[in-house]
S.K.: 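Shown below is the structure under consideration.
Chain letters run A, B, ... following the sequence lines, proteins first, then strands; residues in each count from 1.
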Amino acid sequence: MKRAAAWMMVLGLVAPPALAADTGEPCGGVRFEGGRIVTGRPLAPKGPETEACLQHVAAALQARPAIRSVTLAARLPDAERLDGQGIAVAKAAAEVLVAAGVPRTRVSAVAPPAVPGEPGQLQLAYVERPAQPAVARVRAASGDVSAGPAQAELRPRTMGDALYTGELLLTGPGAHAELVLADGSTVRVLADSLVRLGTLELMANLRRKVQLELLKGTVETRVAAGGDGSVFEVRTRGAVAGVRGTQFRFTAQEDGVTRLETLEGRVGFIAKKGDLDVVGGYGSRALPEGPPEPPRPLLVAPTMVDPRDGTFPVAPRLTWASVSGARRYRVEVARTADFAAGVRTYEARGAELEVPDLGEGKWFWRVLAVDADGFVGFPSKIFAFDVRP
Amino acid sequence: MSPPAATEPVRASHPRRLTLLRALGALVGVALAGVTAVRGGAPGFLERGLYDQAVSRLLPEVPRSADLVLVEVDDRALAALGERWPLSRATWARAFRALAAQRPAAVAVDIIFDQPGSRDALELGEDVLEALRASGLAEQPAGAALAADLEAKLHARDGDARLAEALSEGGGVILGAAALTDDVPAMTPLDDDGALGTPLSLAGTTPRLQARSMAGSIAPLRMAARGSGTLNMLVDGDGVIRRYPYVVDVGGRTWPSLALATALYLMPERAESLMALAATDEGAPLMRLPSPDWMPRVSLADVLHADPGSVGLDLALRGKTVFVGVTAMGLHGQSTLPGQVAVPGVEIHAFALDNLRSYRLLRSSGLVAGAGVLETAVVLLAFALLGRRARTLGGVLWAALSLGLVHLALVGWLAADVGWVLPLLPAWAGLGLMLAVDAVARGEELGRQRDALRRLFVRYPQGASGSLAAPVPPEPPPGSGQ
């Protein structure tokens, strides 16, 4: 018995999570779906086939230690439920599970009424150990966006997917993801970035504690209002940005330099050798093992020249007014005005850009000036144009 | 004697301008009715307050229910149980078992058991039991008795399992579910599309309430219950609930609300007509309001602590449709109905069921909205015709007032007797604008006539009252040099 159970354990581990057995055995396949145990064919209330299937289900249950209890329902027509016959059938089926090794304390039996007109059948449902709550959801994703508990276990993520404490989120080159945290804050993870979702605790009176770890790349954060004593921190290897305001960008470079750009409000910038507050419109950076540099003003938003509207057979040349102090420009083109979907990012040295191969449809664009040290300024106004070949 | 030739074009263009302005006024009224129709029907944004006052004070109230009962988790129940919210699953199991003993027709539950109950104590007990058996003590008589006793206690304390048993004993328990929209607090969505049973078949209806996914009670409870229904409400921008969403669309599948699921269970023979009715106004018709203390209430404390053979309890619950929900201070969501009537959410589901089964729903979209536009246009056209015939401003005013009152009476009658809610303000707005145009035009005309008379009198000045008979020499023509 123990050997069989061990084999079942191995089977359970090898099998994909939702399919606990192949389709060749008595039940015609067993799936664990959202709390229900679904067999490949309807399970008659009793009989040798039912018994064989239940034994198989018992083995699959034992291979899933997270399942804490199983409920067996005998749904019989009213005529067959009289005088406790229904619950007797359910209890007999439960005994099969117990005999096959499922602890008696974890098995229960019920006899709800059948759906009128349908034949009697057995149904099974289970309760798993409560899953940890999601701390964030992917609101928008474009390009290669993946997440997982470790770098080796990253798998692609898309809009609507849940993210959990401790998970890593990676954006590939040209990719971008926008996360909505459980406290309502939004975090845009720009291309080539790696973020670990740390603590996220929500307490009474809107108090919250949010900690993100930026391992590389850039995040742009819009922090929801929090109650007194709230903490919202983004950490890199060398510094911490503690939010006292609302909107900022935080970048962790490969060489260990951490850069902060505060667009609105006030952000506490804590490096290994000192700290300072960076108010809206200013940026600062900290070299590895160094104190934060004095705040410097961020570059102003470029003034857009053309196109500001209109329809073009091919993607038009994008032009804007030069910004004093800008070394280059970051041009973002997106399918939506909130720059959440279909975002493409380009670099331009001058104040114009020929955008290659834009598809048909409406496009929104904006420009951000970047100074010699890589500080990104305020975004321009957003304009749109249509491409109709 | 004829006026100067230069004034002719002005006079000729005046009636055209007047007609155009009147038409513009009427167009504004019809456009307002059209906007109301396009935005889902009356009451429009500006007439919500008026609608609330009318529906809460003037329309006949829903009579007191004879077979719907609210079993409430009130402050007294919490005090009597000595528990804090949320109640333990074991307590819920006792409650549903006690309810089942009274043989109600159905039990609709305004609660979602979306997470398993705590199993910490159970797991500790299981570990102890396993250790007892592994030690060999369970093979001795005393040890065997101890193991059996422990097993029985663990069985009894498994709240989720006992609750599932109690729900299945009840026979007709409909559990709550939630359609996950952006304004619903985050809950774990159900993975399986069919987890709530079979979706409804409502061809040709696009429900007003759209959701991305569904959340519900844990699977063993859903399996043991008769069905599930959504608990969502449609709250207008001003925080008032005027419409009840009988159906919700989730990815192209339609699911019933708690009220509709309960109605379908209670009256399967009327399933088709109930679903057709529930599809009124994109599945979210306007509600009629209940009278105060419309629904009899029984505290959960009484259900749990009264003698199962209690005649009072039997009279209160046997054969009734029981709604179970929370009314304890601070624990339930107070939902505001038109006229600032705040009631616990569970009552709204009961009330929606009563509206549905007695065909008391109010309609305002689709055909009714079209009728609203037409009625507004007819009222304004009638005013245009009457206004042209009226010789005096008083006549025009009288026509406007009459038509406004006729419109009010028609809208009120349709709402009260037929259940059609037509827009009220657009026709009034159109009448007001047309009246203003008419008043200004007539005022200008009067001014012109007065000027003409004045000119005439200046040309032919009358003498003092005593010399009326004396001939007055004509005024010399202008430019005569005198």
S.K.: Going from CZ on R106(A) to CG on L122(B), what distance comes out if it is rounded to the nearest 0.5 angstrom?
M.R.: 9.5 Å
S.K.: Contact part of E151(B) toward chain A, heavy-atom cut-off under 4.5 Å: side chain, backbone, both or neither?
M.R.: both
S.K.: Please enumerate all residues that pass side chain to side chain contact (heavy atoms under 4.5 Å, CB included) together with P256(B), with sequence neighbours excluded.
M.R.: L200(B), L260(B), A261(B)
S.K.: Which atom names give the shortest non-hydrogen contact between S168(B) and A111(A), and what distance separates them?
M.R.: OG-N, 3.7 Å
S.K.: Which heavy atom of A219(B) sits nearest to which heavy atom of G35(A), and what is that distance?
M.R.: CB-O, 3.0 Å
S.K.: Considering residues at least two apart in sequence or located in another chain, which fulfil the side-chain hydrogen bond (donor to acceptor under 3.5 Å, both in side chains) criterion with E123(B)?
M.R.: R68(A)
S.K.: Output the option from A162(A), S108(A), P113(A) having the highest count of non-hydrogen pairs under 4.5 Å with chain B.
M.R.: P113(A)
S.K.: Given that the side chain runs from C-beta out, which part of A74(A) has a heavy atom under 4.5 Å from chain B: side chain, backbone, both or neither?
M.R.: neither
S.K.: I want to check something: taking the side chain as every heavy atom from C-beta on, are D158(B) and S69(A) in contact at a cut-off of under 4.5 Å?
M.R.: yes
S.K.: Less than 4.5 Å to any heavy atom of chain A: does that hold for the side chain of A225(B), its backbone, both, or neither?
M.R.: backbone
S.K.: What part of I87(A) gets closer than 4.5 Å to chain B, counting heavy atoms only: side chain, backbone, both or neither?
M.R.: neither
S.K.: Inspect the surroundings of CD in Q210(B) and state if more than 12 heavy atoms from other residues, nucleotides or ligands are less than 6.0 Å away.
M.R.: yes
S.K.: Is any side-chain heavy atom of M223(B) closer than 4.5 Å to a side-chain heavy atom of P112(A)?
M.R.: no
S.K.: Could you look at R157(B) and say if it's the side chain, the backbone, both or neither that has a heavy atom under 4.5 Å from chain A?
M.R.: neither
S.K.: Between atom OG1 of T71(A) and atom CD of E165(B), what is the distance when rounded to the nearest 0.5 Å?
M.R.: 8.0 Å
S.K.: Please check if the number of heavy atoms outside R318(B) that lie under 6.0 Å from its CZ is greater than 12.
M.R.: yes
S.K.: If you draw a 6.0 Å radius around CD in E269(B), do more than 12 non-hydrogen atoms from other residues or ligands fall strictly inside?
M.R.: yes
S.K.: In terms of heavy-atom proximity below 4.5 Å to chain B, should A90(A) be classed as side chain, backbone, both, or neither?
M.R.: neither
